[in-house]
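First up is the structure itself, then whatever we jot down about it.
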Amino acid sequence: MAEQMDFDVLVIGAGPGGYHAAIRAAQLGLKVACVEREYLGGVCLNVGCIPTKAMLHAGEQIAAARHAADFGLTFGEQKLDIAKLNGWKDGIVKKLTGGVGALFKANKVTHLIGEASFVDPHTVKVGDKTYTASNFIIATGSEPAKLPGLDVDQNVIVDSTGALVMPDPVPARMLCVGGGVIGFEFSHVYNNMGSEVKVIEFLPNIIPGADADAVKEFGKIMKKQGIKIATETKANKAEKKGDGVHVELENVKTGEKTTEVFDRVLVAVGRRPRTDGLNVQAAGVHVTERGFIPADTRQHSNVPHIYSVGDVAGNPMLAHKAMKEGLVAAEVIAGKPSEQDAVAIPGVVYTSPELAWVGLTEQEAKDKGYEVKTGIFPLSASGRAMTLQATDGFVKMVVEKDTDLLLGVHIVAPHASDLLGEAGLALEMAATASDIALTIHAHPTLGEAVLEAAEAVHKQAIHIMNK
Ligand SMILES: Cc1cc2nc3c(=O)[nH]c(=O)nc-3n(C[C@H](O)[C@H](O)[C@H](O)COP(=O)(O)OP(=O)(O)OC[C@H]3O[C@@H](n4cnc5c(N)ncnc54)[C@H](O)[C@@H]3O)c2cc1C
């Protein structure tokens, strides 16, 4: 049967999950096609990770230029060419998405343009053509969740895609509905570019999933930078009027309602898996009530030759998780003994400082029955942080009390996402806090804060008083 098929593997979606799967499958000698209906690189490259990081960098440079006065460097009045800013960001996206196309060509992955829809378990329709394959990898990703009462027009009421286009002038008053990772990254961008920003979050805490101490530290720093944060608050409705968008806010604890006026409102209340148009029913694939196509550790859906990876397969909705799952699916199809068994998937908020974590939070560790010890090293005691004008933040380490086994690392610091590589490797290698403390870290670096946090677990940090 297999030799009559058009392809060994047909991947649906060319986001991080899909293009990693397609390229790895081709590397392993399989005949591969990848169908994409909108853009190569998916959400991450086009309207997610990459353009947000470009905007964040631009915002940070603006803030850094202001802070340069602290060491005696002053410039003329700041002037932001917004058309140039948007164009610069678009240029980066174009380069990277073009790169995915080139990689497809180099690896002989057939790129099919259009929307794939299942006809039967071995056939999909793309436009007016049909293609058969021995295996399918569904990598159709996710889209922004909607909020009743706040209709996104991508102009004054935007989702993350609309928020990526900075309007001219920069909005004076910005509301961000949703205090998660995406909400805070955009709040940081707009705050640095001059907007007065307010973030509202329905839950008692911002950045759900992160360690409570780290969230507290992070929230304090964001407030210090000028971002207003209101937790246990929801937005009921928004009305566009001549002087701006009137948003009814409600304190969910007291029920008290107020109306505030903004120039731009970002709805960042999460993302939903995307399976519309895919007609998975024709292939017998199970979709959960919330729209996910769950997969086992080898990325099989309930139909063994149909795999599911990335955002559509389940949380956390992160590009690096999608990439890894794409590789696993491709390798399993090629007969390799691959499996998804990551000890830790890092999470990052790319603000300045960044909030980044890997492994268990202190609470998660306790909930799992561990007796824990923690060590915290504040950046205010780091020489390198001082030279970078970035002494807000800390490194916190969560360790099993008796064995010294590392369980989780939580960092609020510039480039925390890069510092996380060491922590991730340590977790995968089942390192102890002592292993990290015994490793010579270059001086002066922010990485030393990771070493000192490990020392602090044993109450032996050198640059702080150990309590
Ligand atoms: C603003 C923002 C910032 C983010 N920042 C980060 C970050 O810094 N780090 C991080 O790890 N993650 C980040 N993410 C999340 C990240 O973008 C996603 O986790 C990642 O893109 C998921 O990859 P994926 O391959 O599962 O799906 P997607 O990237 O969503 O790609 C799915 C692709 O499938 C296509 N498709 C869907 N249905 C069909 C069909 N029927 N036929 C053909 N094609 C179809 C879509 O057009 C799309 O291109 C961010 C997301 C957003 C919105």
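Hydrogens, waters and symmetry mates play no part in the numbers below; they use all other heavy atoms, side chains included. Indexing begins at 1, ligand by ligand and atom by atom, following the structure's order.
The closest non-hydrogen atom to atom 8 (O) of ligand 1, taken over Lys53, Glu36, Arg37, comes from Lys53.
Atom 13 (C) of ligand 1 has its closest protein heavy atom at Cys49 SG, 3.3 Å. Counting protein heavy atoms only, atom 21 (O) of ligand 1 is closest to Cys44 N, 3.3 Å. The shortest contact between atom 18 (C) of ligand 1 and any protein heavy atom is with Asp311 OD2, 3.4 Å.
With a 4.0 Å cut-off on non-hydrogen atoms, Ala319 touches ligand 1 through its backbone as well as its side chain. Contact annotation: for Leu318 versus ligand 1, heavy atoms closer than 4.0 Å belong to both the backbone and the side chain.
The closest approach between any non-hydrogen atom of Ile12 and ligand 1 is below 4.0 Å. Residue contacts with ligand 1 leave out Gly277, since none of its heavy atoms falls under 4.0 Å from the ligand. Contact annotation: Arg271 has at least one heavy atom less than 4.0 Å from an atom of ligand 1.
The pair Glu448-Arg384 does not meet the salt-bridge criterion, since no charged nitrogen lies less than 4.0 angstrom from a carboxylate oxygen.
Residue pairs meeting the ring pair (Phe, Tyr, Trp, His ring centres under 6.0 Å) criterion with at least one partner in residues 130-150, sequence neighbours excluded, are Phe118-Phe136.
Near Thr52, with a cut-off below 4.0 Å to any heavy atom, the atoms of ligand 1 are 1 (C), 3 (C).
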